[in-house]
2 protein chains.
Amino acid sequence: MPVSRQELFDVLSQLGRALGNGHRLALLEHLAQKEAPVEELAGASGLSIANASQHLQHLRRAGLVTARRDGRQMVYRLTDERILRLLTLLQEVAETHLAEMERLMGRLFADDDAGETLEPMTRVELQRALEQGAVTLLDVRPNAEYQAGHLPGALNAPIAELESMLSALPRDREIVAYCRGVYCAFSHDAARLLRERGFQVRRYQAGILEWRAAGLPLVD
Amino acid sequence: MPVSRQELFDVLSQLGRALGNGHRLALLEHLAQKEAPVEELAGASGLSIANASQHLQHLRRAGLVTARRDGRQMVYRLTDERILRLLTLLQEVAETHLAEMERLMGRLFADDDAGETLEPMTRVELQRALEQGAVTLLDVRPNAEYQAGHLPGALNAPIAELESMLSALPRDREIVAYCRGVYCAFSHDAARLLRERGFQVRRYQAGILEWRAAGLPLVD
DNA sequence: CAAATAATCAATAAATCAATTGAATAAAAC
DNA sequence: GTTTTATTCAATTGATTTATTGATTATTTG
């Protein structure tokens, strides 16, 4: 007896439901940076341990994450690179279409690009600039995430330590700052600070998430 | 005041929730073929008119579909091509990871590839074969969907009329049948029939959905 | 303008989902 | 072997989601 199409869609919809919760998306974005144990994920997402655990199991049932035991910790990670593409595409579609999304993005971007409206750099522009050695690339994420993998040639400049690194940065060529992805505020903070100090700076807005989703290599 | 990341994820999760229902996915897949009024969509998905309408409005709020009034009908369509990519990617991830999905797919494929296990043809294989003029391509979807756009060079052979078209088909070269996408059973039915009658036949399993998602052209 | 058609709205009840709490496991440290 | 730590499980409650029903709104037809 043939399987009804509806049965297949019902199974497929499990995946959609797994993506249908803001906390789970936050967990996934954190996992997009690097694998992590439950406690860290809970802390980063503002969830109780028990609640985070349940959300993670929900994600696991949907096949989006896998878990392995390491000592007494349970380390979760994204199942594979396609999950990244899924997240990126979801964000892309949302940004173009959801009115509310645009409103929020507007608020997010309003305060740093004010005055001098510098377009964020696209991945393609960045790749070309890097090939030509034309820019200094700054990874402004926390050091742990930098160490788990960063764009080739990037310096780590966690936002908290950026101020003390200023003297090491060039004033005669463009600086490009990036962080996790579109929703990560670090690169905005960094760009504002650097601009105030007279550096030429732009943001690679899409960040490491899009870079990986495009299948480009990272280094450790 | 900066927008919290969580606010953004909450908005984004609306999109996920919209994809988190089997009936809505069925509606989307139908819309992936061609735009359609509520009544048709309801019929095709086995939903009451009122229920279909509500699901469609859910999809509209999420920005996945748009609607326009045509006379007394309300015609829905996918917002843009990226929605297709989203659906395809969702299916891809699901097929690889959801155990239950694999089980169902197994059942679906069990009865036609039995005995002679012919691998479905990939898009790349199909493209090469078409360039060389090496195959006859059959679109086995209903004629209305064929007319809304089909692969270049494809003949329309709706499954109901396939039998009466057999004499026009070549026996000395391979036939490739395709329909909507992975979940569409027409190409299985067609392949089984043709194989029984002694034709050389394979299926382009991913179907028109993947073709469009890859940005390749259709003709009317 | 009345009747018919296509779709939406509003209200309800059943089902599912989410956060909290406290108890239960499983592994490591003592 | 008891204690500590990290996580999961189970039960509860409140919030969302879904399908159904019947009423309501637009638009066309007669």
Side-chain angles (χ1 to χ4, degrees), chain A residues 4 6-7 9-28 30-31 34-77 100, chain B residues 4 6-7 9-28 30-31 34-77 100:
Chain A
S4 81
Q6 196 52 54
E7 270 186 86
F9 285 126
D10 285 341
V11 177
L12 191 54
S13 72
Q14 287 179 19
L15 229 172
R17 275 197 297 281
L19 298 171
N21 176 288
H23 291 307
R24 282 196 291 272
L25 291 177
L27 290 169
L28 287 173
H30 195 93
L31 289 171
K34 64 184 212 309
E35 59 175 27
V38 178
E39 192 176 16
E40 176 183 331
L41 291 166
S45 312
L47 296 172
S48 74
I49 303 278
N51 197 190
S53 171
Q54 295 190 158
H55 279 304
L56 287 165
Q57 284 170 74
H58 195 146
L59 291 171
R60 186 154 65 158
R61 280 193 301 276
L64 293 170
V65 307
T66 55
R68 70 163 204 279
R69 184 174 273 286
D70 176 19
R72 57 187 125 175
Q73 296 193 128
M74 212 60 173
V75 179
Y76 282 84
R77 65 187 313 169
E100 190 171 2
Chain B
S4 82
Q6 197 51 55
E7 272 186 85
F9 286 125
D10 285 342
V11 177
L12 190 54
S13 72
Q14 288 179 19
L15 228 173
R17 275 198 297 282
L19 298 171
N21 176 287
H23 292 306
R24 282 196 291 273
L25 291 177
L27 289 169
L28 286 174
H30 195 94
L31 288 171
K34 63 183 213 307
E35 58 174 28
V38 178
E39 193 176 16
E40 176 182 330
L41 291 165
S45 312
L47 296 172
S48 73
I49 303 278
N51 198 8
S53 171
Q54 295 190 160
H55 280 305
L56 287 165
Q57 282 169 74
H58 195 148
L59 291 171
R60 184 152 67 158
R61 279 192 302 275
L64 292 170
V65 306
T66 55
R68 69 162 205 279
R69 184 174 273 287
D70 177 20
R72 59 186 122 175
Q73 295 194 127
M74 210 60 172
V75 179
Y76 281 84
R77 66 186 313 170
E100 189 171 3

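Each chain gets a letter, A, B and so on, in the order the sequences are listed, and its residues count up from 1.
As rounded to whole Å, 16 Å separates atom C1' of D/dT17 from atom CG of B/L56. Atom pair B/H23:NE2 and D/dT20:C1' shows a separation of 13 Å (rounding to whole Å applied). Rounded to a whole Å, the CD1 atom of B/I49 is 18 Å from the C1' atom of D/dT18. Atom CD of B/Q54 and atom C1' of D/dT21 are 11 Å apart (whole Å). The distance from atom CZ of A/F9 to atom C1' of D/dT18 is 19 Å, rounded to the nearest whole Å. Between the CD atom of B/E40 and the P atom of C/dT5 there is a distance of 19 Å, given to the nearest Å. The separation between B/Q6 atom CD and C/dA18 atom P is 13 Å, rounded to whole Å. At whole-Å resolution of the value, CG in B/L47 and C1' in D/dT17 are 15 Å apart.
One finds no side-chain N or O of B/H58 lying less than 4.0 angstrom from the OP1 or OP2 phosphate oxygen of D/dT17. Here B/N21 reaches the OP1 or OP2 of D/dT18: one of its side-chain N or O atoms lies under 4.0 Å away. The shortest distance between the side-chain N/O atoms of A/H55 and the OP1/OP2 oxygens of C/dC17 is not below 4.0 Å. Side-chain N/O atoms of B/Y76 include one lying less than 4.0 angstrom from OP1 or OP2 on C/dT8. Taking only side-chain nitrogens and oxygens, B/Q57 comes nearer than 4.0 Å to OP1 or OP2 of C/dC9. Residue A/S53 places at least one side-chain N or O under 4.0 Å from the OP1 or OP2 atom of D/dT8.
The end-to-end axis angle of the helix from C/dC1-D/dG30 to C/dC30-D/dG1, rounded to 10 degrees and based on five pairs per end, is 20°.
Using a distance-only test at 3.5 Å, with no hydrogens or angles considered, a donor-acceptor pair links the side chain of B/N21 to the main chain of B/R24. Between the side chain of A/S45 and the backbone N or O of A/L41 there is at least one donor-acceptor pair closer than 3.5 Å.
Nearest to the side-chain atoms of B/E39 among the listed nucleotides C/dT8, C/dA7, D/dT7 stands C/dA7. Closest to the side chain of A/N51, out of D/dA19, C/dT20, C/dT8, is C/dT20.
The two atoms that bring A/A52 and A/V38 nearest to each other are CB-CG1, 4.4 Å, heavy atoms only. Among all heavy-atom pairs drawn from B/L31 and B/A36, the shortest one is CD2-N, 3.9 Å. Listed here is the closest heavy atom pair of A/Y76 and A/V65: CD2-CG2, 3.8 Å. Closest heavy-atom contact between B/L64 and B/L19: CD1-CD2, 3.9 Å.
Pairs of residues two or more places apart, or lying in two chains, that qualify as salt bridge (charged side-chain N to carboxylate O under 4.0 Å, His left out) and include a residue from residues 38-47 of chain B are B/K34-B/E40.
Checked against side chain to side chain donor-acceptor pair (under 3.5 Å), A/D10 has the following partners two or more places apart in sequence or in another chain: A/Q6. For A/Q54, there are no side chain to side chain donor-acceptor pair (under 3.5 Å) partners two or more places apart in sequence or in a different chain. Every side chain to side chain donor-acceptor pair (under 3.5 Å) that B/S13 has, sequence neighbours left out, goes to B/R17.
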**Request:** Let me have a per-nucleotide readout for nucleotides 22-30 of chain C, 5' to 3', with B, S or -, counting only protein heavy atoms under 4.0 Å.
**Result:** -----SSS-
